[in-house]
Amino acid sequence: MIRVADENRSKAFYEKAFGFKEAARFPFETFTLVYLLDEESGTELELTINHDREEPYAHGDGYGHIAMVVDDLEAEHKRHTELGYDPTAVKEFFRDGALMAKFFFVQGPDGYKIEVLQRHGRYQ
């Protein structure tokens with residue numbers, strides 16, 4: 001679950017960036033829960049929209065990032081660049097001389113960091 005300030009902006013970002021589509025919505029008096037689904041993997045991302053929230057959320061020092069796995073990292077990096085999401089450079093992470101991970105980061109509209117990983121080894 002992540003808290004977002006602008007529901008429409010966040011839904012548009014997660015759909016364009018990762019293919020998530022709204023699967024369920026539960027309005028309450030002071031907040032709304034919106035569940036976004038990646039139909040291919042079955043992964044859901046819960047957005048919480050607090051109705052009276054005006055200021056951006058502080059992530060504090062406990063939040064790291066969420067991660068998505070893709071089949072073609074280079075193509076996704078190019079696509080995110082073309083969408084204007086300003087991805088970081090592609091990096092490779094090695095352990096004991098072998099490639100452990102190949103990835104880049106993008107940032108969502110509410111400042112959440114999202115790691116985009118090449119499908120490989122541990123990351124399926």
Side-chain angles (χ1 to χ4, degrees):
M1 181 279 287
I2 58 174
R3 297 181 191 283
V4 301
D6 183 324
E7 176 186 344
N8 292 329
R9 181 181 68 176
S10 293
K11 283 176 32 181
F13 171 80
Y14 289 103
E15 181 170 353
K16 287 179 186 172
F18 302 107
F20 281 93
K21 295 188 185 228
E22 185 173 325
R25 165 182 296 277
F26 300 99
F28 294 89
E29 184 176 330
T30 60
F31 64 96
T32 298
L33 301 178
V34 175
Y35 291 88
L36 304 181
L37 174 67
D38 170 24
E39 291 178 349
E40 183 179 327
S41 69
T43 301
E44 279 193 332
L45 177 61
E46 177 186 332
L47 305 182
T48 296
I49 302 98
N50 291 308
H51 298 166
D52 293 331
R53 182 75 179 207
E54 296 291 328
E55 66 276 358
Y57 290 97
H59 298 152
D61 61 2
Y63 173 77
H65 65 272
I66 59 177
M68 307 290 181
V69 175
V70 299
D71 290 323
D72 186 340
L73 189 75
E74 300 298 335
E76 285 299 300
H77 189 273
K78 181 180 180 194
R79 192 174 69 79
H80 283 244
T81 299
E82 290 169 352
L83 288 168
Y85 295 151
D86 196 26
T88 64
V90 172
K91 303 227 186 241
E92 293 180 332
F93 184 62
F94 291 86
R95 179 176 164 86
D96 298 328
L99 180 67
M100 182 172 178
K102 186 173 180 180
F103 60 92
F104 65 87
F105 280 87
V106 293
Q107 193 164 324
D110 290 277
Y112 294 105
K113 293 179 183 175
I114 303 151
E115 182 179 18
V116 182
L117 290 147
Q118 174 67 49
R119 187 176 309 282
H120 168 80
R122 165 82 177 84
Y123 308 104
Q124 297 297 316

Point to revise | side-chain contact (heavy atoms from CB on, under 4.5 Å) against P109, all qualifying residues, sequence neighbours excluded | key: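 Per chain and number, P109 pairs via side-chain contact (heavy atoms from CB on, under 4.5 Å) with R9, S10, F13.
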Inset, instruction - Output all residues satisfying side-chain contact (heavy atoms from CB on, under 4.5 Å) with A23, sequence neighbours left out; order by chain, then residue number. - result: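 A23: side-chain contact (heavy atoms from CB on, under 4.5 Å) contacts with L37, E44.
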- Where at least one partner belongs to residues 84-97, residue pairs that pass side-chain hydrogen bond (donor to acceptor under 3.5 Å, both in side chains), sequence neighbours excluded: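 The answer is none; no pair qualifies.
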| request: Please identify each residue that fulfils ring pair (Phe, Tyr, Trp, His ring centres under 6.0 Å) with H65, with sequence neighbours left out. | output: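 For H65, the residues satisfying ring pair (Phe, Tyr, Trp, His ring centres under 6.0 Å) (neighbours in sequence not counted) are F105.
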| said: Y112: which residues meet the ring pair (Phe, Tyr, Trp, His ring centres under 6.0 Å) condition with it, sequence neighbours left out? | reply: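 Residues passing ring pair (Phe, Tyr, Trp, His ring centres under 6.0 Å) with Y112: H59, Y63.
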Next on the checklist: Strictly by salt bridge (Lys or Arg N to Asp or Glu O under 4.0 Å), give each pair with a member in residues 67-78 just once, sequence neighbours left out.
Outcome noted: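 Counting only pairs at least two positions apart or across chains, the salt bridge (Lys or Arg N to Asp or Glu O under 4.0 Å) contacts touching residues 67-78 are D71-R119, E74-K102, E76-R79, K78-E82.
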Just grab all the salt bridge (Lys or Arg N to Asp or Glu O under 4.0 Å) pairs involving residues 17-39, residues at least two apart or on different chains.
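Found E7-R25, K11-E22, E15-K21, E22-R25.
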Using every non-hydrogen atom in the two residues, find where [X] and [Y] come nearest and quote the distance to one decimal.
X	Y	answer
P87	F104	CB-CD1, 3.5 Å
F20	T43	CE2-O, 3.5 Å
F103	L73	N-CD2, 3.7 Å
L117	A101	CD2-CB, 3.9 Å
N8	D6	N-OD1, 3.2 Å

To the nearest 0.5 Å, what is the distance between CD1 on I66 and CG on L45?
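It comes to 5.0 Å.
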### For Y123, side-chain hydrogen bond (donor to acceptor under 3.5 Å, both in side chains) partners two or more places apart
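Not a single residue meets the side-chain hydrogen bond (donor to acceptor under 3.5 Å, both in side chains) criterion with Y123.
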[X]-[Y] co-clustered via ILVMFWY side chain contacts under 4.5 Å:
X	Y	answer
L36	F26	no
I114	L83	yes
V70	F18	yes

**Q.** salt_bridge(E115, K113) N-O dist < 4.0 Å
**A.**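 So E115 does not pair with K113 through a salt bridge.
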Does A5 offer a backbone N or O that forms a donor-acceptor pair with the side chain of D110 under 3.5 Å?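 Indeed, once roles are kept as given, a pair shorter than 3.5 Å links the two residues.
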Each residue besides Y57 in its hydrophobic cluster should be listed here, by chain and number; the cluster joins Ile, Leu, Val, Met, Phe, Trp and Tyr at side-chain heavy-atom distances under 4.5 Å.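 Taking Ile, Leu, Val, Met, Phe, Trp and Tyr as members, Y57 stands alone, with no cluster partners.
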Transitive ILVMFWY cluster of F94, excluding itself - 4.5 Å side-chain cut-off: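 Traced through the cluster, F94 reaches L99.
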